[in-house]
Protein chains: 2
Amino acid sequence: MEDRKGQIIQVATDFIKKYGYDSFSYKDLSEAVGITKATLHHHFAKKEDLGIAVLQVIQGQLEYLKEKTFEIEDSKERLTFMFECMKGTVQEKDICPISSMQAEFNVIPDSLRGKISEISTFEVDLLTQILEVGKKDGSFHFEGDAKNTALIMMTSYKGAIMYSRSVESTILDTVLEGIITSVVK
Amino acid sequence: MEDRKGQIIQVATDFIKKYGYDSFSYKDLSEAVGITKATLHHHFAKKEDLGIAVLQVIQGQLEYLKEKTFEIEDSKERLTFMFECMKGTVQEKDICPISSMQAEFNVIPDSLRGKISEISTFEVDLLTQILEVGKKDGSFHFEGDAKNTALIMMTSYKGAIMYSRSVESTILDTVLEGIITSVVK
DNA sequence: GTCTATACAAAGATAGAC
DNA sequence: GTCTATCTTTGTATAGAC
């Protein structure tokens with residue numbers, strides 16, 4: 001089964017969303033996958049290697065999301081689609097793996113920090129572009145430049161996922177609706 | 001020196017903001033404070049006890065902030081004051097200790113989770129009240145209820161601190177200005 | 001209140017057999 | 001590709017002396 005690697009990455013991603021990169025162990029992971037720690041090390045010699053692999057997959061998914069997003073003609077639909085897709089990747093009480101590793105920024109390996117920065121920027125840029133296009137075609141209304149608005153929307157979305165953990169989990173939908181209508185209406 | 005306890009709490013809080021609760025050790029802390037691990041255990045038998053102490057101090061500071069905040073007459077000034085105070089407690093490249101522990105929610109002791117939930121709720125409630133008063137006296141303009149707006153503002157603020165870590169750190173000020181003017185103008 | 005010394009468990013990682 | 005066994009380091013925590 002060559003897809004062992006893929007399976008490991010999948011479970012590791014779930015763990016990062018649940019516990020964080022630093023707080024899941026090769027022992028946890030090996031048990032969840034059903035192999036030994038040694039086998040895990042065979043596939044990903046160091047935990048750092050696994051971390052990089054996880055981030056590469058996420059990066060690929062985001063690039064794919066960008067493609068799919070711009071296949072949609074209508075700006076409002078496009079915006080909703082993007083957030084719905086993002087929301088779909090995190091289960092209840094999980095957090096965004098990027099947020100998780102932003103929180104751990106000072107304790108993760110340097111190579112991971114670089115990738116996290118890239119991905120963080122990519123996300124905001126994607127939203128910025130969606131907003132710019134939507135403003136031009138008259139779908140969205142906001143003051144200031146698109147990047148600032150994108151920043152507020154993205155940080156609010158990420159922050160809301162985080163907050164859902166410790167308060168009522170309905171707040172994510174509330175916030176999501178709020179930030180979308182703030183530019184659409 | 002009875003204030004050893006206070007000193008330990010102070011340094012522990014800094015560590016949580018920099019590395020997270022799970023990722024700083026009694027060894028790190030003992031070296032930073034200048035005492036041995038054993039002495040640390042004398043003051044706070046378990047790491048969990050220290051965690052609770054840290055959160056109690058934060059809770060107290062927030063209650064004090066609420067008092068001070070409502071001593072200010074003008075709604076706009078009050079809102080700015082609150083965010084400036086909050087911002088003042090986190091150094092560049094640190095994150096809010098509450099965000100930090102929200103990210104670690106599934107790996108911290110139960111007693112800490114409870115406190116985190118309380119504090120998270122308190123913060124949003126404080127902002128909600130500021131917004132409600134300001135809407136009534138005509139200082140603020142926003143649609144929907146104050147709680148939703150407070151949620152968006154608070155999650156955006158917290159998310160921005162987080163994002164500053166991995167992208168340009170100027171985004172915090174950008175976002176802060178954005179969310180304040182969104183209700184003030 | 002602080003120390004040295006130590007116990008104990010968990011973590012990341014490697015060696016070598018099958 | 002997977003295993004058992006083992007190493008090394010680090011983390012939390014305790015015992016007992018000063």
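What's counted below: heavy atoms across the whole structure, side chains too, no hydrogens, waters or symmetry copies.
Here B:Lys68 pairs with B:Glu71 in a salt bridge; the nearest charged N to carboxylate O distance falls below 4.0 Å.
Closest to the side chain of A:Lys46, from the set D:dT2, D:dT14, C:dT14, is C:dT14.
In this entry the distance linking CD of B:Glu48 with C1' of D:dG11 reads 16 Å, nearest Å. Atom-to-atom, CG of A:Asp49 to P of C:dA13 comes out at 8 Å; the value is rounded to the nearest Å. Computed from coordinates, the B:Ile8 CD1 to C:dG1 C1' distance equals 10 Å when rounded to whole Å. Atom CZ in B:Phe44 sits about 14 Å away from atom C1' in C:dG1, given to the nearest Å. For the pair A:Ile108 CD1 and C:dG12 P, the interatomic distance rounds to 15 Å; values are reported in whole Å.
Within the 3.5 Å criterion, the main-chain N or O of A:Val124 finds a donor-acceptor partner in the side chain of A:Thr128.
Less than 4.0 Å separates DNA chain C from at least one heavy atom of each of the following residues of residues 20-42 of chain B: B:Ile35, B:Thr36, B:Ala38, B:Thr39, B:His42.
Using bins of under 30°, 30° to 60° and over 60° for the plane-to-plane angle, the ring pair A:Phe24/A:Phe15 lands in the perpendicular bin.
Every pair passing salt bridge (charged side-chain N to carboxylate O under 4.0 Å, His left out) that includes a residue from residues 134-148 of chain B is listed here, sequence neighbours excluded: A:Glu168-B:Lys147. Annotation: salt bridge (charged side-chain N to carboxylate O under 4.0 Å, His left out) contacts involving residues 23-50 of chain B, sequence neighbours excluded, comprise B:Lys27-B:Glu31.
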Give the intermediate values and the outcome of side-chain hydrogen bond (donor to acceptor under 3.5 Å, both in side chains) for residues B:Asp22 and A:Ser23.
CA-CA 7 Å; B:Asp22 219 46; A:Ser23 299; 3.0 Å; yes

